[in-house]
Amino acid sequence: MSLQLKNLTKTYGSQKAVNAISFDIKEGEIVGFLGPNGAGKSTTMKIATCYVPPTSGEAWVGGFNVAEKPMRVKQITGYLPEHNPLYLDLYVHEYLTFVGKLYGLTGQKLKGRVKEIVDLCGLTPEQNKRIETLSKGYRQRVGLAQALIHDPKILILDEPTSGLDPNQLVEIRKLIKMISQQKTVLFSTHIMQEVQALCDRVIVINKGKIVADDKLEFILKAHATGSVIVVQFEGKIDEVKLKSLPGVKEILTMESFSYKVIADGTVDVRPEIFRFASEQSVSLIGLKQEENSLENIFRDLTITPAMHEKED
Ligand code: ADP
Ligand code: MG
């Protein structure tokens with residue numbers, strides 16, 4: 001089932017939290033929704049899950065318009081809201097049974113489904129504990145379990161890994177990856193590495209506007225301005241000459257005849273460096289191009305939005 005937004009706008013007072021955004025997520029896609037705090041991610045997700053109405057524009061979830069068929073949308077959508085609101089004084093099993101009932105499950109079907117989802121989310125040993133006694137990672141599992149109880153085809157997860165320690169993070173990512181099979185998933189984050197770990201398409205939002213929507217590899221390529229080459233020689237070389245090679249902007253000295261060569265990106269400077277080494281009669285023992293860092297690209301996309309803004 002697909003998720004489509006058409007010119008969607010949400011205004012709070014005079015502020016446009018979401019400003020005429022459009023995108024189309026096809027059945028089975030797992031899409032990372034990336035953007036800094038206040039960009040409009042949660043607002044978009046609240047509209048797609050019928051928690052707030054749009055000011056203008058349309059949201060279609062699984063072929064249903066959220067403004068016209070909110071009950072149908074909720075039947076096919078699982079939603080983990082930001083900050084994972086839970087009833088802390090309920091027991092895990094009790095809470096999931098309660099949510100299952102809200103979705104109309106009863107009797108053996110309800111019992112069976114709660115058991116299934118408890119197992120799937122790795123909650124079997126914790127199911128008879130009160131939610132307030134659980135660690136953040138386990139609470140997040142409960143949050144995912146409640147989003148999945150009615151076997152939705154579309155999953156909307158708002159910052160599902162925020163605030164987790166590194167071990168919990170790995171576990172929750174694994175769980176998301178597993179439960180995302182055969183579902184259409186939109187999950188928000190402000191961590192680019194997370195997108196890389198979980199999906200291949202990314203939609204970047206900044207100040208209520210979509211500033212990028214593509215496969216991660218294309219975004220990486222499109223923003224590969226300049227390059228950094230780490231080079232190691234066997235012995236001493238003429239640093240001034242290295243710096244004056246065509247295409248080289250700067251060199252940074254590292255340890256034992258190693259340098260970071262910053263190139264302007266117009267030409268591949270690696271063949272030049274190779275020739276230079278032979279001219280200097282020194283062996284080249286390392287030559288490696290560094291990938292443009294994900295953080296740099298994220299910053300580039302979201303700090304100078306005027307340069308990249310895509311008109312919808
Ligand atoms: P994100 O989830 O990307 O951090 P949000 O969608 O929560 O961003 O917020 C987008 C903008 O809308 C922010 O500037 C936020 O302050 C504002 N906003 C969100 N919800 C409300 C609200 N209920 N009332 C007023 N402003 C809001
Ligand atoms: Mg948010």
Side-chain angles (χ1 to χ4, degrees), residues 3-23 25 30-61 66-67 70 73 77-86 136-137 139-140 142-144 146-147 154-164 168-169 172-173 176 185-199 201-214 216 219 294-295 297-306 308-310 312:
L3 170 61
Q4 275 174 298
L5 305 184
K6 296 181 189 167
N7 247 341
L8 196 75
T9 295
K10 178 71 188 178
T11 315
Y12 290 112
S14 60
Q15 190 190 2
K16 280 189 172 161
V18 172
N19 189 358
I21 66 168
S22 302
F23 59 69
I25 299 177
I30 304 176
V31 176
F33 196 29
L34 197 77
N37 289 330
K41 304 182 295 295
S42 296
T43 303
T44 305
M45 292 178 143
K46 284 178 197 163
I47 295 170
T49 49
C50 313
Y51 280 83
V52 296
T55 306
S56 63
E58 292 168 13
W60 293 82
V61 179
V66 295
V73 170
T77 310
Y79 176 38
L80 174 60
E82 196 175 13
H83 309 309
N84 189 14
L86 294 167
K136 186 136 199 228
R139 287 186 192 191
Q140 217 62 5
V142 178
L144 287 168
Q146 67 75 31
I154 297 175
L155 265 183
I156 296 188
L157 311 173
D158 197 352
E159 296 199 25
T161 61
S162 120
L164 299 178
Q168 293 170 336
L169 204 93
I172 294 297
R173 278 185 194 158
I176 293 174
V185 184
L186 179 66
F187 77 91
S188 69
T189 174
H190 50 254
I191 309 166
M192 197 107 171
Q193 276 83 355
E194 192 139 298
V195 175
Q196 201 170 31
L198 290 170
C199 58
R201 175 170 166 202
V202 54
I203 296 175
V204 186
I205 184 169
N206 189 41
K207 295 183 181 156
K209 281 269 186 196
I210 305 277
V211 293
D213 177 359
D214 217 329
L216 188 58
I219 290 183
L294 293 170
E295 284 84 3
I297 295 169
F298 180 75
R299 233 178 287 134
D300 185 31
L301 280 166
T302 58
I303 287 187
T304 51
H308 304 291
E309 244 170 35
K310 202 169 83 176
D312 295 314

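Just so it is clear, the values below take in all heavy atoms, side chains as well, and ignore hydrogens, waters and symmetry mates. Both ligands and their constituent atoms are indexed starting at 1 by order of listing.
Lys41 contributes no side-chain N or O that, together with a main-chain N or O of Thr189, makes up a donor-acceptor pair within less than 3.5 Å. The closest donor-acceptor contact from the side chain of Thr9 to the backbone of Ser56 lies at 3.5 Å or more, if one exists at all.
For ligand 1, the atoms sitting less than 4.0 Å from at least one non-hydrogen atom of Pro36 are 3 (O), numbered in the order shown with element in parentheses. Residue contact check: Asn37 has heavy atoms under 4.0 Å from atoms 4 (O) of ligand 1.
The distance from the CD atom of Gln140 to the OG atom of Ser162 is 7.5 Å, given to the nearest 0.5 Å. The OG1 atom of Thr49 lies 11.5 Å from the CD1 atom of Ile154; values are rounded to the nearest 0.5 Å. In this structure, OG1 in Thr11 is found 6.0 Å from NZ in Lys16, a value given to the nearest 0.5 Å.
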Report task. Check the pair Tyr12, Thr43 against side chain to side chain contact (heavy atoms under 4.5 Å, CB included), reporting the backbone distance first and the verdict last. Result -> CA-CA 10 Å; Tyr12 290 112; Thr43 303; 4.1 Å; yes
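In terms of protein heavy-atom proximity, atom 17 (C) of ligand 1 is nearest to Gln15 OE1, 3.8 Å. Ranking protein heavy atoms by distance to atom 4 (O) of ligand 1, first place goes to Gly38 N, 2.7 Å. Closest to atom 12 (O) of ligand 1 among all protein heavy atoms lies Ala17 CB, 3.2 Å. Protein heavy atom closest to atom 7 (O) of ligand 1, with residue, atom name and distance, is Ser42 CB, 3.7 Å. Nearest non-hydrogen protein atom to atom 5 (P) of ligand 1 is Thr43 OG1, 3.6 Å. Scanning the protein heavy atoms around atom 19 (C) of ligand 1, the nearest turns out to be Tyr12 CE1, 3.5 Å. Of the protein's non-hydrogen atoms, Gly40 N, 3.1 Å is the one closest to atom 8 (O) of ligand 1.
Distances from ligand 1 to the non-hydrogen atoms of Ser188 include no value under 4.0 Å. Contact analysis leaves Gly35 out of contact with ligand 1, as no non-hydrogen atom separation drops below 4.0 angstrom.
Taking the charged nitrogens against the carboxylate oxygens, Lys46 and Asp158 have no contact shorter than 4.0 Å, which rules out a salt bridge.
Across Val61, Val66, Thr77, a single residue satisfies side chain to side chain contact (heavy atoms under 4.5 Å, CB included) together with Cys50, and that is Val66.
For residue Glu82, an N/O/S atom approaches the Mg ion (ligand 2) to within less than 2.8 Å. The Mg ion (ligand 2) has an N, O or S atom of Ser42 under 2.8 Å away, backbone or side chain.
By the ring pair (Phe, Tyr, Trp, His ring centres under 6.0 Å) test, Tyr51 pairs with Tyr79, sequence neighbours left out.
Considering backbone and side-chain atoms alike, Lys41 places an N or O below 3.5 Å from some N or O of ligand 1.
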